[in-house]
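Notes follow the structure.
Residues: numbered from 1 along the sequence shown.
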Amino acid sequence: MNILITQKHSLLEKDILVQKNKDKKCFSMADLNYMLSVLKIEKIKSLDEYYSNIRNSLLNQDIRWSKYLSIHRKKEYNDYLKKRLSDSESLITEYFYLYFPERLSLFKKIHPLDDKNPAFYKHSSVTGRLSIEKGINYLVMKKDVRNELQSPFDNHQLYELDFKSCEPNLYCRHFNLVPNDTEDIYEYISGVIGEKFDNRDKLKRVILSILYGANENSVKKISKLPIKKIRAVKDLLNVESFNHKLDLEFNQNGFVKNMYGRPILSNSNLVNYWIQSSAADYCCLAFNNFFKTHPNLKLHAVIHDAVIFSADGKDYKHISKLNELYYENLSIPIKINRVQPHN
């Protein structure tokens, strides 16, 4: 049984349709259940499961009965399914048509560095940020350990591709808060407010703290900046206005949507969650596009805003001069380094 969910007007008009349609993209019940599980919503029961639970409880039997269902029973099931979808309609968005399958396809390209212990990625955190359920956990692997990894392919070297300052870059570039040719987001903001920092890590902490909602006194304490300059950064980043917009959206809908329509079901820190969720999707989508464009490269691991891959000398030469990756109309600067032990 295939399920088609169509958004005819808006998510709030409760117009989810369930029907078979060969001319449009259809999801199987298993696909739909997986999408719902990513959002941490109770799975819709399959036809067999729904009726077998009823029949087995009444007759204490386990038989193949579905082919004997009457038209009335099938209608009963379809009515149940429509209601269940209607209850969840505002959470099943275009994201799962346009972006989620493409995000998942990145992980189908992985060539494990250790076939006996491959990493199993999960996508079901509040923001969609990756976690690893089992296998080699590259997400928490220390840099010096990662530098000891070797390519399993002959005449290939391991490389790591990283987005530079992914989350602040994504936010600022998406909302056109900085020029497109900005190479260093932190240095740009520092220049705008006319403040030089002798410690780059402190500069990063100041900007990220403001971006993610720290109050002015907390920022002043860690930075020693005057309140006037802290407010200048807040004005540049437009944090308060954006947080207000997200707060209104959450209060109206019970969720907010990230850049790609992914529902975020928590309002603990709306700006933080929106940026983290959008960046998690952007990285997967941009990486997937990158490996589709360069099919000879061998993907081994995804590490949030970075990937580890193998390339031979010829293929590396083709990509070595890249300084940014695109997805749709957004680009973020990158760096590519060889993975090798430090002497």
Subject >> Of all pairs that satisfy salt bridge (Lys or Arg N to Asp or Glu O under 4.0 Å), the ones with a partner from residues 322-338, not counting sequence neighbours >> reply: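 Counting only pairs at least two positions apart or across chains, no salt bridge (Lys or Arg N to Asp or Glu O under 4.0 Å) contact touches residues 322-338.
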Original post:
Got a sec, which pairs hit salt bridge (Lys or Arg N to Asp or Glu O under 4.0 Å) with one end in residues 101-125, sequence neighbours left out?
Top reply: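 For residues 101-125, and leaving out neighbouring residues, the salt bridge (Lys or Arg N to Asp or Glu O under 4.0 Å) pairs sorted by first residue read Glu102-Lys292, Arg103-Asp281.
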Does a side-chain heavy-atom distance below 4.5 Å link [X] with [Y]?
| X | Y | value |
| --- | --- | --- |
| Met141 | Ile136 | yes |
| Leu149 | Ile308 | yes |
| Ser209 | Ile222 | yes |
| Tyr282 | Leu330 | yes |
| Phe107 | Ile110 | yes |
| Gln276 | Glu167 | yes |
| Pro333 | Asn323 | no |
| Asn251 | Asp247 | yes |

Original post:
Is a salt bridge present between Lys234 and Glu216, judged by a nitrogen-to-oxygen distance below 4.0 Å?
Top reply: yes
Original post:
Taking NZ, NE, NH1 and NH2 as the nitrogens, is one of them in Lys164 or Glu183 under 4.0 Å from a carboxylate oxygen of the other?
Top reply: no
Checking the side chain of [X] only, and the main-chain atoms of [Y] only, is there a donor and an acceptor separated by less than 3.5 Å?
| X | Y | result |
| --- | --- | --- |
| Ser266 | Ser268 | yes |
| Thr182 | Pro179 | yes |
| Ser190 | Tyr186 | no |
| Asp315 | Ala311 | no |
| Ser218 | Ala214 | no |
| Lys220 | Ile230 | no |
| Glu249 | Lys257 | yes |
| Ser165 | Pro168 | no |

Working to the nearest 0.5 Å, report the span between [atom1] of [X] and [atom2] of [Y].
| X | Y | atom1 | atom2 | answer |
| --- | --- | --- | --- | --- |
| Ile303 | Leu130 | CD1 | CG | 10.5 Å |
| Asn269 | Leu246 | CG | CG | 10.0 Å |
| Leu211 | Leu237 | CG | CG | 5.5 Å |
| Phe309 | Leu297 | CZ | CG | 5.5 Å |
| Asp305 | Asn169 | CG | CG | 10.5 Å |
| Lys143 | Glu148 | NZ | CD | 13.0 Å |

Subject >> Cationic tip of Lys134 above Phe120 ring, under 6.0 Å, 45° of axis >> reply: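 Positive - Lys134 is close enough to the ring of Phe120 and near enough to its axis.
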**OP:** Under the side-chain contact (heavy atoms from CB on, under 4.5 Å) rule, what do Leu177 and Tyr188 come out as? Steps first, then yes or no, please.
**Re:** CA-CA 11 Å; Leu177 302 179; Tyr188 174 82; over 6 Å; no
Is there a path of hydrophobic side-chain contacts, each under 4.5 Å between heavy atoms of I, L, V, M, F, W or Y residues, that connects [X] with [Y]?
| X | Y | result |
| --- | --- | --- |
| Val178 | Tyr326 | no |
| Val239 | Ile227 | yes |
| Leu98 | Met35 | yes |
| Tyr260 | Val126 | yes |
| Phe153 | Phe291 | no |

**OP:** Determine, step by step, whether Glu160 and Arg146 satisfy the salt bridge (Lys or Arg N to Asp or Glu O under 4.0 Å) criterion, reporting the C-alpha distance in whole Å, the side-chain angles of both residues, the deciding distance to 0.1 Å, and the verdict.
**Re:** CA-CA 10 Å; Glu160 183 172 329; Arg146 211 155 67 219; 3.2 Å; yes
Work out which heavy atom in [X] is nearest to a heavy atom in [Y]; give both atom names and the distance.
| X | Y | answer |
| --- | --- | --- |
| Cys166 | Ile332 | O-CD1, 3.9 Å |
| Asn238 | Tyr171 | O-OH, 3.6 Å |
| Pro152 | Leu113 | CD-CD2, 3.5 Å |
| Ala279 | Leu170 | CA-CD1, 3.8 Å |
| Leu158 | Ser151 | CG-N, 3.5 Å |
| Phe255 | Leu265 | CB-CD2, 3.8 Å |

**OP:** Decide yes or no on side-chain contact (heavy atoms from CB on, under 4.5 Å) for Val307 and Leu299, but give the supporting numbers first.
**Re:** CA-CA 7 Å; Val307 287; Leu299 173 64; 3.9 Å; yes
Under 6.0 Å between ring centres: does that hold for [X] and [Y]?
| X | Y | answer |
| --- | --- | --- |
| Phe175 | Phe242 | yes |
| Tyr159 | Tyr316 | yes |
| Phe290 | Tyr327 | no |

Original post:
If you measure only the distance, is there a donor-acceptor pair under 3.5 Å linking the side chains of Ser277 and Thr127?
Top reply: no
**OP:** Could you walk me through whether Leu325 and Ser331 pass the side-chain contact (heavy atoms from CB on, under 4.5 Å) test, one step at a time?
**Re:** CA-CA 5 Å; Leu325 287 190; Ser331 66; over 6 Å; no
**OP:** For atom CG of Asn155, decide whether the heavy atoms of other residues, nucleotides or ligands shown that lie under 6.0 angstrom number more than 12.
**Re:**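 At most 12 heavy atoms, drawn from other residues, nucleotides or ligands, come within 6.0 Å of this atom.
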**OP:** Using a cut-off of 6.0 Å, state whether more than 12 heavy atoms not belonging to Asn180 lie near its atom CG.
**Re:** no
**OP:** Among Gln157, Gln150, His300, find the residue that satisfies the side-chain hydrogen bond (donor to acceptor under 3.5 Å, both in side chains) test when tested with Ser310.
**Re:** His300
Subject >> Residues Tyr34, Phe96; criterion side-chain contact (heavy atoms from CB on, under 4.5 Å); working and verdict >> reply: CA-CA 10 Å; Tyr34 182 62; Phe96 287 109; over 6 Å; no
